[in-house]
Amino acid sequence: MSTILIRGAKVLGGEPRDVLVDGETVAAVGASLPADGAQVVEADGLILLPGLVDLHTHLREPGREDSETVLTGTRAAAAGGYTAVHAMANTFPVADTAGVVEQVWRLGRGYGYCDVQPVGAVTVGLEGRKLAELGAMADSAAQVRVFSDDGKCVDDAVIMRRALEYVKAFDGVVAQHAQEPRLTEGAQMNEGTVSGELGLTGWPAVAEESIIARDVLLAAHVGSRVHICHLSTAGSVEIVRWAKSKGWDVTAEVTPHHLLLTDELVRSYDPVYKVNPPLRTEADVLALREALADGTIDCVATDHAPHPHEDKDCEWAAAAMGMVGLETALSVVQHTMVDTGLLDWAGVADRMSARPAVIGRLAGHGRPIAEGEPANLVLLDPAYRGVVNPAGFASRSRNTPYEGRELPGRVMATFLRGHATVMDGKLT
Ligand SMILES: [Zn+2]
């Protein structure tokens, strides 16, 4: 069993502390702990947080290994400071059976870079017609608790109601990709001034908000738990705020890109900015930041969506939707939330680790940094400034909207149950 002494780290951004890791566990937190033969990691000026947890990652395996695999995706996650990711179900085959979710879960365990918690499909083949084997996936070795047809909306209200009722049996949650299909037929970008000027088919905010309004009412009606994926509009924030004020079991996530980027970028016609839901307006971005700060939005989720260059380096209308995000999420959150004074580092630990772990019912992650807790940790340098260079990504794909942009912060080390997956800023 190896022991590691992280010396002088600001735990959750507070006063410098020494943290001793013994095997898989935090053995002690204190001042001037003796090294006693432990490997010493000097952490002067660095911030120590619990390992990050992503509720929304597309790992693409099985079926689209040309864009990402469980191995490359979990290496990207570790590089970004994550110790657990939820792998979305829209693979080929779809993760709608116990067999597929167990396969994905075992691949993650085997590689050892980051825990992979599979998300199960709500409906067979993501087709929206017949409920998938939710109970069998929950009972499988993967112990699925989050169910989503992400990429597609569960738009049939009866199917959504049945799914919400079904997951209560095992304390599961339905994560909804809120997109009314008829209102978004052929939609290419946010509906507004810019879409009007560019002549591109718009994607109205109401297409997202109407589904969220329906689903919080459904969840309240059946007494179940609903999670809203990638909130992107100010109106969506208002609905979630109202649902929470009623005491309903509603949670929500926001992506890093919706905290920073706006539809003005679409004027470039660069498909790297094409994403689902679309980039919205400055007013939406500011409302999302405020909601993440006040807790209306529970957590940050990356919606890491890798695509091979041939699916992105083409004309806007033909390009795939989505952006990679695991390796830049913490920097974007520092830039938009910490450096703006909206959130402190304890708040970042809450929104990027503790709360997503609770929503996903993921044991052993998102825990306090304290004696006896699992040593899932990330050590970051908040003073670092660097230009994003996708050539250095661990992900198999390069479709980042931040290429050439200066962002703050750098992950210096990541520990998964005491094992360093990243050390000195490099994957081990
Ligand atoms: Zn989605």
Side-chain angles (χ1 to χ4, degrees), residues 54-60 63-64 67-68 73 85-92 94-96 117-123 125-128 132 146-156 159-160 163 173-181 183-185 187-190 203-212 214-215 226-233 236-237 239-240 250-259 261 271-280 284 288 297-307 311-312 319-326 329 356 359-360 397 399 401:
D54 193 13
L55 269 179
H56 195 142
T57 308
H58 295 277
L59 291 178
R60 304 295 193 212
R64 283 307 301 266
S67 51
E68 196 78 286
V85 296
H86 288 73
M88 277 297 171
N90 61 339
T91 49
F92 304 95
V94 170
D96 58 4
Q117 182 57 38
V119 173
V122 174
T123 66
L126 307 179
E127 287 174 351
V146 182
F147 295 87
S148 183
D149 276 0
D150 183 63
K152 290 185 175 174
C153 180
V154 181
D155 63 309
D156 183 313
I159 297 279
M160 187 63 182
V173 63
V174 180
Q176 176 67 293
H177 170 113
Q179 179 188 354
E180 211 291 319
L183 286 170
T184 52
E185 276 174 16
Q188 293 288 326
M189 65 170 297
N190 177 50
W203 185 311
V206 67
E208 175 172 311
E209 293 156 6
S210 58
I211 294 290
I212 296 174
R214 182 200 74 178
D215 286 353
V226 70
H227 176 74
I228 311 299
C229 296
H230 40 54
L231 238 71
S232 72
T233 76
S236 297
V237 167
I239 296 164
V240 170
V250 174
T251 56
E253 69 189 33
V254 62
T255 71
H257 46 274
H258 288 110
L259 290 172
L261 309 177
V272 79
Y273 301 117
K274 188 173 177 183
V275 65
N276 178 350
L279 300 178
R280 304 286 189 181
D284 293 308
L288 293 166
I297 296 177
D298 297 81
C299 63
V300 175
T302 66
D303 196 5
H304 177 81
H307 290 293
D311 291 352
K312 281 302 241 184
M321 298 190 202
M323 306 168 166
V324 293
L326 287 168
I359 293 166
S397 292
N399 52 304

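We count ligands from 1, going down the list as the structure has it; atoms in each ligand are counted the same way. Just so we're clear, the structure is a prediction, and the values are computed from it rather than from any experiment.
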Does any N, O or S atom of His56, backbone or side chain, fall under 2.8 Å from the Zn ion (ligand 1)? no
At their closest point, which heavy atom of Asn399 faces which heavy atom of Ala305, and how far apart are they? ND2-O, 3.0 Å
Using the side-chain hydrogen bond (donor to acceptor under 3.5 Å, both in side chains) definition, which of the options Asp150, Asp155, Asp303 pairs with His177? Asp150
How wide is the angle at the Zn ion (ligand 1) between ND1 of His177 and NE2 of His230, to the nearest 10°? 100°
Do you know which N/O/S atom name in Asp150 is closest to the Zn ion (ligand 1)? OD1
Closest approach of Ser397 and Glu68, non-hydrogen atoms and distance? N-OE1, 4.5 Å
Are Arg280 and Glu208 ion-paired here, with the side-chain N under 4.0 Å from a carboxylate O? yes
Measuring to the Zn ion (ligand 1), does Asp303 have an N/O/S atom at a distance below 2.8 Å? no
Is there an N/O/S atom in Cys229 that lies less than 2.8 Å from the Zn ion (ligand 1)? no
Can you give me the closest heavy-atom contact between Val119 and Ala89, atom names plus distance? O-CB, 3.4 Å
